[in-house]
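Each remark here refers to the structure printed beneath this line.
Each ligand, and each atom within it, is numbered from 1 in the order the structure gives. Please read these numbers as outputs of a predicted model, since none were measured by experiment.
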Amino acid sequence: MEKDADGFYTPATAAPVEDTKEAKETKETELEKVADKKDAPADDTDLVQSTFDVEVTLADQQGDPNSPLYSVKTFEELGLNPDLLKGVYVMGFSKPSKIQERALPLLLADPPQNLIGQSQSGTGKTAAFVLTMLSRIDFTKNKTQALCLAPSRELARQIMSVVVAMGKFTPVTTEYAIKEHLPKGASRITAHIVVGTPGTMTDLIRRKVLDVSEVKVFVLDEADNMLDSDGLGEQTLRVKNMLPRSHPVQIVLFSATFPDHVRSFANNFAPKANKIELQKNEISVDNIRQFYLDCRSEEHKYEVLVSIYTVLTIGQSIIFCQHRHTADRIGQRMTAEGHKVASLHGAKDASERDAIIDRFREGREKVLITTNVIARGIDVMQVNMVVNYDLPLLNERDNWGNKEDARPDIETYIHRIGRTGRFGRKGISVNFVHNKQTWDQMQEIEKATGKQIIRVETDSVDVMEETLKKHLK
Ligand SMILES: Nc1ncnc2c1ncn2[C@@H]1O[C@H](COP(=O)(O)OP(=O)(O)OP(=O)(O)O)[C@@H](O)[C@H]1O
């Protein structure tokens, strides 16, 4: 198995499964998390502790038929093999979520069928596709049988940690297809499951390091992004075109969003797929409260951000900027002024990126300043606040190639705010607006998502802090 998977479900410290009592297992897993964090600095204790409280509300939500976490079934009833059931319980999952309950029977049916699945951020899509991959592997063969693509190395590493944790009681072997991971000159991958990003995956298949002749399952996480021609569409299609034609390959697409312009492409990519889709008005979860801070200028945005630093560190927070240089600039400035923050974006070295996101997962960094690189999929339970320092924008260009007044990128907004409020937890998102253009953009986001964005006064730091804090607890 991979050694450098993030390790936040470290198999070595997992408690044995003795019975299936929900309460016991939930507690066991929380204890694992505590055990995993034993080396963390003392100020992390609150973060770990708070997950105990949250589990209580979780049980309530899983019993509410209107919640995306609700299910009438148990994992036993979903047709998983006993080794995978053990993996699921060791992770502390006592009941499936709605998407898991609905998707798993379709995904595990024989003969295999394609699936396009949509469900709000943080509702458990990863487990649905990871269990599918693990269920379809023939462990007697040392051949790659499942591929999974994600838009960033951070997300690929996170998915791998779920594969490793859920497959703990199976002999599964895994390998990454991400930049600067394989030792130079590595000539052959035979791991059952390969998780990575599309460019590196294409490269490994082309160079025949990765033999895909026995691949049976092909998963795209964040599928709308992976298929979008403005995004990673071309590279993803290349991978698909290299898959075997001698036997059917089950294609599984998941995302919280499927905007109209990628829908027909998704249907062609995964022909005759079963579909699980939400109503448009259910697209974001209700447990994330949204706010905006009315700033006077770019400089005022920075001052306001600094003035709410205490709120940013109550739990953990992610601050999204439109550009890498903004993330660097505000990161450096805040650090110089004595605040502890980390910044992460695509221009940093692979090893530095890994180290930063790992520190953030461990709670050693509480404030992460970043770009859209981690807008999707990243799952850090203690993140209770997302700041849109810059609103997400579509990079629209006019016929002459000049940038026009950019329109808001609604899908990215939904994914960004979904970094908080994971699996029913409480979270807040805060948008910074500073002129007519950003105000209009925010109005468009409010209209498109159908959820109110509440104004917070910026004249008084006390009022700002009090308002935000009230919704964090
Ligand atoms: N049945 C379950 N019971 C308890 N916790 C669960 C269950 N399923 C998933 N989780 C937890 O919920 C969190 C969110 O799950 P996951 O990351 O799969 O969400 P997602 O739907 O893929 O979100 P996104 O759209 O942001 O990628 C994870 O921490 C995961 O461990």
Any nitrogen or oxygen of Thr126, side chain or backbone, less than 3.5 Å from one on ligand 1?
yes
Ser94 N/O under 3.5 Å from ligand 1 N/O
no
Polar contact flag, side-chain donor to acceptor under 3.5 angstrom, Arg407-Gln441:
no
Does one side chain, of Arg425 or Asn287, offer a donor that lies under 3.5 Å from an acceptor on the other?
no
Out of Phe93, Phe75, Phe254, whose heavy atom sits nearest atom 10 (N) of ligand 1?
Phe93
Kindly check if the number of other-residue, nucleotide or ligand heavy atoms within 6.0 Å of CZ (Arg289) is above 12?
no
Tell me whether Lys240 forms a cation-pi arrangement with Phe269, defined as NZ or CZ under 6.0 Å from the six-membered ring centre and within 45 degrees of its axis.
yes
Give a yes/no on ligand 1: does Gly122 have at least one heavy atom closer than 4.0 angstrom to it?
yes
Taking only residues two or more places apart in sequence or in another chain, which ones pass salt bridge (charged side-chain N to carboxylate O under 4.0 Å, His left out) with Asp390?
Lys301
Arg419 neighbourhood, listing ligand 1 atoms whose heavy-atom distance to it stays under 4.0 Å:
26 (O)
Output the list of atoms in ligand 1 that are nearer than 4.0 Å to some heavy atom of Thr123, sorted by atom number.
19 (O), 20 (P), 21 (O)
Ligand 1 atoms in contact with Gln120 (distance to a heavy atom under 4.0 Å)
21 (O)
Polar-atom distance check: Asp379 versus ligand 1, any N or O pair below 3.5 Å?
yes
So between Arg376, Arg422, Lys125, His415, whose heavy atom ends up nearest atom 26 (O) of ligand 1?
Arg422
If you count the atoms of ligand 1 from 1 in the order shown, which ones are under 4.0 Å from a heavy atom of Lys95?
1 (N), 2 (C), 3 (N)
Would you say ligand 1 has an N or O under 3.5 Å from any N or O of Ala127?
no
Could you verify whether a donor N or O on one side chain and an acceptor N or O on the other, from His345 and Asp328, lie under 3.5 Å apart?
yes
Within the 3.5 Å criterion, strictly below it, is a donor on His192 or Thr173 matched to an acceptor on the partner's side chain?
yes
What atoms of ligand 1 come within less than 4.0 Å of a heavy atom belonging to Glu222?
27 (O)
Asp224 side chain to Thr257 side chain, donor-acceptor N/O pair below 3.5 angstrom:
yes
